[in-house]
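Report on the structure given below.
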Amino acid sequence: MLRALIFIPLFCVVSSGLARAESFNLVELFVSQNCPACPAAQENLVELQETDGPFIPLIWVIDYWDYVDEPDPMAIPESSTRQRVYADSLGIRGPYTPQLIVNGVAHVAGNRKRRVRSLLAEQRDLLEGEESIATLDATSSSVSITGTEDAGPQELWVMALGPMQRYGLDMPNAVMKVTGPFYWAGGEMEIDYTCDHRCVAVLQGIDRGPVSAVLAFEGEPPT
């Protein structure tokens, strides 16, 4: 079995199948090296993991600011696409940086620490005691979902993560590769997926809707 974990600064290993009923937040931060407010947002993310966690952070490096200066070498097109779909889902005019989205349902400027902290607390309270529709798990070669039969349409994404060293910060949770979506509507489902290092699986509503379950896990590097 792969190791499942919550993303906290030291990446301690805990039990697998992290779902909404357990009050874990998925925090997605959209950044670019050409965004002047992004260093503060990433510093906030590191600090808030220590003071306001646990939550699972993902850093998405977008490419639509590449025309401003040198292209960001860590940008992937999937980051910009994901954020634009979120804009439609959240009913806002368009994407911005540093945008921070929690559980696929609420957003705030990531450099505004007080507002981020308030949003995290709000989401934690909303999830408290909520019944989960699904649980995620992983083996050495697959990711699986087990849930209620009438869950309704959901999309499963799996992201491979890598390290990011910027602004004096060492952050191991930048999205490097995206696989999906796979569609699930209840019951049991298993997909083939091999995690070479560190990965996150996210189950959420269609077109980047609310997050239903999230699993962070580590695989084995190829020999």
Side-chain angles (χ1 to χ4, degrees), residues 2-8 11 14-30 45 49 53-62 76 78-90 99-107 119-120 123-124 126-127 130 132-139 142-148 151-162 172-186 188-195 197-219:
L2 299 185
R3 290 180 293 163
L5 50 106
I6 303 171
F7 278 101
I8 57 179
F11 291 89
V14 298
S15 61
S16 64
L18 309 181
R20 298 188 73 187
E22 296 172 306
S23 301
F24 293 105
N25 290 322
L26 175 68
V27 176
E28 301 178 75
L29 180 63
F30 293 84
L45 193 63
Q49 279 184 270
F55 57 79
I56 297 176
L58 295 179
I59 297 177
W60 296 89
V61 184
I62 55 88
I76 58 173
E78 290 87 351
S79 296
S80 299
T81 299
R82 184 173 181 84
Q83 193 183 19
R84 289 189 180 101
V85 177
Y86 263 137
D88 292 338
S89 175
L90 295 170
Q99 185 179 28
L100 184 144
I101 299 175
V102 181
N103 297 331
V105 297
H107 71 102
L119 182 57
L120 288 171
Q123 286 296 307
R124 197 158 44 239
L126 287 174
L127 295 180
E130 182 177 337
S132 177
I133 65 168
T135 299
L136 298 172
D137 206 349
T139 70
S142 68
V143 175
S144 61
I145 308 171
T146 303
T148 58
Q154 301 271 312
E155 54 189 31
L156 174 67
W157 297 88
V158 188
M159 280 71 79
L161 308 183
N173 51 345
V175 178
M176 310 297 288
K177 182 180 178 181
V178 180
T179 303
F182 305 92
Y183 295 100
W184 176 80
E188 296 184 3
M189 186 179 83
E190 183 175 297
I191 64 164
D192 294 335
Y193 186 84
T194 300
C195 179
H197 181 48
R198 180 173 291 117
C199 302
V200 166
V202 177
L203 182 69
Q204 63 186 136
I206 299 297
D207 293 332
R208 304 329 90 86
V211 172
S212 300
V214 57
L215 174 69
F217 59 99
E218 289 189 343

Within a strict 4.5 Å, meaning less than it, do heavy atoms of the Phe55 and Arg124 side chains meet?
no
Please confirm whether the backbone N or O of Gly104 pairs with a side-chain atom of Glu28, one donor and one acceptor, at under 3.5 Å?
no
Main-chain N/O of Gly209 paired to Gln204 side chain as donor or acceptor, under 3.5 Å:
yes
Taking the side chain as every heavy atom from C-beta outward, state whether Leu203 and Ser212 have any pair of such atoms under 4.5 Å apart.
yes
Could you tell me if the side chain of Phe217 sits less than 4.5 Å from the side chain of Val143, heavy atoms only?
yes
Kindly indicate whether the side chain of Val175, heavy atoms from C-beta on, has any atom under 4.5 Å from the side chain of Glu78.
no
Of Ile133, Asp137, Leu156, Leu215, which is the lone residue that meets side chain to side chain contact (heavy atoms under 4.5 Å, CB included) with Ile145?
Leu156
When the ring planes of Trp60 and Phe30 are compared, do they come out parallel, tilted or perpendicular, using 30° and 60° as the limits?
parallel
Can you see which heavy atom on Ser89 is nearest to which on Asp207, and at what distance?
CB-O, 3.6 Å
Evaluate the side-chain proximity of Tyr86 to Gln99: yes if any heavy-atom separation is below 4.5 Å, no if none is.
no
Hey, is Arg208 close enough to Glu155 for a salt bridge, meaning N to O under 4.0 Å?
yes
Which value, rounded to the nearest 0.5 Å, describes the distance between His197 atom NE2 and Lys177 atom NZ?
15.0 Å
Less than 4.5 Å apart, any side-chain heavy atom of Leu126 and any of Asn103?
no
So do the side chains of Val158 and Ile191 get within less than 4.5 Å of each other, counting heavy atoms only?
yes
Residue Glu188 excluded, over 12 heavy atoms near CD under 6.0 Å
no
Hey, what do you get for CD (Gln49) to CD1 (Ile56), rounding to the nearest 0.5 Å?
10.5 Å
Heavy-atom nearest pair, Ile76 first then Met176, reads CG2-O, 3.9 Å
Over all heavy atoms of both residues, which pair between Gly205 and Gln154 is shortest? Give the atoms and the distance, please.
N-OE1, 3.6 Å
Main-chain N/O of Val61 paired with Ser79 side-chain donor or acceptor, under 3.5 Å
yes
From the list Val102, Ile101, Val211, side chain to side chain contact (heavy atoms under 4.5 Å, CB included) partner of Leu26 resolves to Val211
Please assess Ile59 against Leu45 for the test side chain to side chain contact (heavy atoms under 4.5 Å, CB included), listing each intermediate value before the final yes or no.
CA-CA 10 Å; Ile59 297 177; Leu45 193 63; 4.2 Å; yes
In short, Tyr193 meets Met159 closest at the heavy-atom pair OH-C, 4.2 Å
Return the minimal non-hydrogen interatomic distance between Trp184 and Ala134, and the atom names on each side.
CH2-CB, 3.8 Å
If you measure from CG on Leu29 to CG on Asn173, what distance do you get to the nearest 0.5 Å?
9.5 Å
In short, Gly186 meets Ala151 closest at the heavy-atom pair CA-CB, 4.0 Å
